[in-house]
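Here's the structure we're looking at; comments come further down.
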Amino acid sequence: MTEQPPRVLLADDQTLVRTGFRMILGADGIDVVGEASNGAEAVEVARRVRPDVVLMDIRMPEMDGLEATRRILAGPRPAEPVRAGGTPLPGEPRVVILTTFDLDRYVYAALSAGASGFLLKDVTPEHLASAVRTVRTGDALLAPAITRRLVQRFARHGGDTADLHRDLASLTPRELEVLGLLARGLSNAELAARLHLAETTVKTHVARVLAKLGLRDRVQAVIVAYETGLVSVGGHREAPESA
């Protein structure tokens with residue numbers, strides 16, 4: 001059975017940007033099911049058309065992209081309410097933040113609010129289409145190098161993480177090791193090589209880490225690793241060696 005193309009909502013206050021992205025995505029067979037020129041409109045349209053992916057600008061009138069991201073991802077679904085800090089429900093949209101600056105402090109806040117990654121507005125057409133498809137499958141979007149730069153600059157060391165309810169004690173030694181390496185920007189293939197495991201086994205470990213910590217994706221896992229002190233900006237606290 002042929003997989004249906006991703007359904008995308010474009011939220012940007014610049015008409016030319018939306019038009020350009022619509023043309024790029026359409027040429028790659030991706031459906032743009034809605035557009036919004038501000039955050040409030042993005043929330044309304046997202047609830048109405050229920051897209052797979054939202055491409056969200058940060059700086060927009062009336063309501064910025066950060067608040068819109070929070071509302072889209074925190075809004076109740078027909079089946080049941082979303083538990084604060086819980087895992088996403090099936091069919092919940094993935095939000096990708098669009099920004100002009102690769103280290104905009106709002107990006108970190110958006111990721112903490114549940115966004116699945118971010119793109120620079122000078123992204124190539126090929127990368128834009130690929131990013132939408134990648135996020136639609138549930139994967140995180142950030143390249144390892146960008147992930148490290150972003151979190152190392154803005155992670156709240158020693159801050160209040162109670163609201164994140166991240167109990168790392170629930171992880172096995174191997175899962176702690178995987179989380180620490182994720183935070184250092186390693187891909188699944190690199191994790192498999194480092195740990196001498198099959199890539200399918202690594203994917204299982206990653207999935208278990210996300211499930212135990214109630215995380216949406218690898219981006220949030222990286223953030224939690226820094227915020228809980230498992231990984232520090234200047235170094236890496238090694239997890240216990242597992243068999």
Side-chain angles (χ1 to χ4, degrees), residues 5-39 41-43 45-46 49 51-60 63-73 88 92-155 182 185 187-188 215-223:
R7 303 172 70 255
V8 176
L9 166 62
L10 302 176
D12 194 292
D13 62 338
Q14 297 184 48
T15 303
L16 286 178
V17 171
R18 298 198 309 272
T19 300
F21 283 169
R22 177 186 281 275
M23 293 175 61
I24 290 170
L25 296 175
D28 201 75
I30 296 174
D31 294 334
V32 174
V33 296
E35 296 187 18
S37 60
N38 60 65
E41 187 179 359
V43 174
V45 175
V49 305
D52 299 312
V53 178
V54 181
L55 294 181
M56 181 79 74
D57 189 21
I58 292 179
R59 298 171 182 175
M60 295 184 289
M63 180 189 296
D64 64 22
L66 175 57
E67 180 61 24
T69 295
R70 289 193 183 115
R71 296 193 185 193
I72 288 173
L73 297 179
E92 185 176 67
R94 301 279 170 165
V95 177
V96 177
I97 299 298
L98 296 169
T99 179
T100 306
F101 308 102
D102 63 349
L103 282 179
D104 191 320
R105 68 176 57 254
Y106 292 113
V107 172
Y108 176 80
L111 296 178
S112 297
S116 294
F118 79 96
L119 288 173
L120 301 183
K121 285 191 176 180
D122 61 358
V123 62
T124 65
E126 296 78 15
H127 190 189
L128 178 65
S130 175
V132 167
R133 295 184 186 279
T134 295
V135 171
R136 192 267 189 103
T137 65
D139 290 336
L141 183 63
L142 303 186
I146 296 177
T147 304
R148 287 195 299 270
R149 289 171 60 199
L150 179 70
V151 180
Q152 287 176 7
R153 179 165 176 177
F154 298 120
L182 278 180
S187 65
N188 283 347
L215 302 174
R216 178 182 304 272
D217 51 35
R218 296 165 69 103
V219 174
Q220 290 193 336
V222 171
I223 291 172

Original post:
Can you check side chain to side chain contact (heavy atoms under 4.5 Å, CB included) on Asp57 and Val17, steps first, answer last?
Top reply: CA-CA 10 Å; Asp57 189 21; Val17 171; over 6 Å; no

Original post:
For Val49, does its backbone N or O pair with a side-chain atom of Arg7 as donor and acceptor, under 3.5 Å?
Top reply: yes

Original post:
About how many Å separate CG of Asp52 and CZ of Arg136, when rounded to the nearest 0.5 Å?
Top reply: 4.5 Å

Original post:
Do Glu41 side-chain atoms and Ser37 backbone N/O form a donor-acceptor pair below 3.5 Å?
Top reply: yes

Original post:
Hey, is the main chain of Glu126 close enough, under 3.5 Å, to the side chain of Ser130 for a donor-acceptor pair?
Top reply: no

Original post:
Can you check whether Val33's main-chain N or O pairs, donor with acceptor, with Asp31's side chain at less than 3.5 Å?
Top reply: no

**OP:** Measure the CG-CG distance between Leu55 and Leu119 for me, rounded to the nearest 0.5 Å.
**Re:** 7.0 Å

Subject >> Non-hydrogen atoms of Val54 and Pro93 that approach each other most closely >> reply: CG2-CB, 4.3 Å

Original post:
How many angstroms lie between atom CZ of Arg94 and atom CD1 of Ile72, to the nearest 0.5 angstrom?
Top reply: 14.0 Å

**OP:** To the nearest 0.5 angstrom, please state how far the CD1 atom of Ile58 sits from the CG atom of Asp13.
**Re:** 12.0 Å

Subject >> Expected output: side-chain Asp64 to main-chain Leu66 donor-acceptor under 3.5 Å >> reply: yes

Subject >> Minimal non-hydrogen separation, Asp28 against Arg133, with atom names >> reply: O-NH2, 2.6 Å

**OP:** Step by step, work out the side chain to side chain contact (heavy atoms under 4.5 Å, CB included) result for Phe21 and Val8.
**Re:** CA-CA 10 Å; Phe21 283 169; Val8 176; over 6 Å; no

**OP:** I would like to know whether Arg18 and Val32 meet side chain to side chain contact (heavy atoms under 4.5 Å, CB included); could you show each step before the answer?
**Re:** CA-CA 10 Å; Arg18 298 198 309 272; Val32 174; over 6 Å; no

Original post:
If you measure from CZ on Arg59 to CD on Gln14, what distance do you get to the nearest 0.5 Å?
Top reply: 12.0 Å

**OP:** Search all heavy atoms of Ala221 against all heavy atoms of Leu215 and return the closest pair with its distance.
**Re:** CA-CD1, 3.6 Å

**OP:** Please name the pair of heavy atoms, one in Pro6 and one in Val132, separated by the smallest distance, quoted to 0.1 Å.
**Re:** CB-CG1, 3.9 Å

Original post:
Distance from Thr69 atom OG1 to Met63 atom CE, nearest 0.5 Å?
Top reply: 10.5 Å

Subject >> Heavy-atom closest pair, residues Ala115 and Ile97 >> reply: CB-CG1, 3.9 Å

Subject >> For Met56 against Ala68, the heavy-atom pair lying closest together >> reply: CE-CB, 3.7 Å

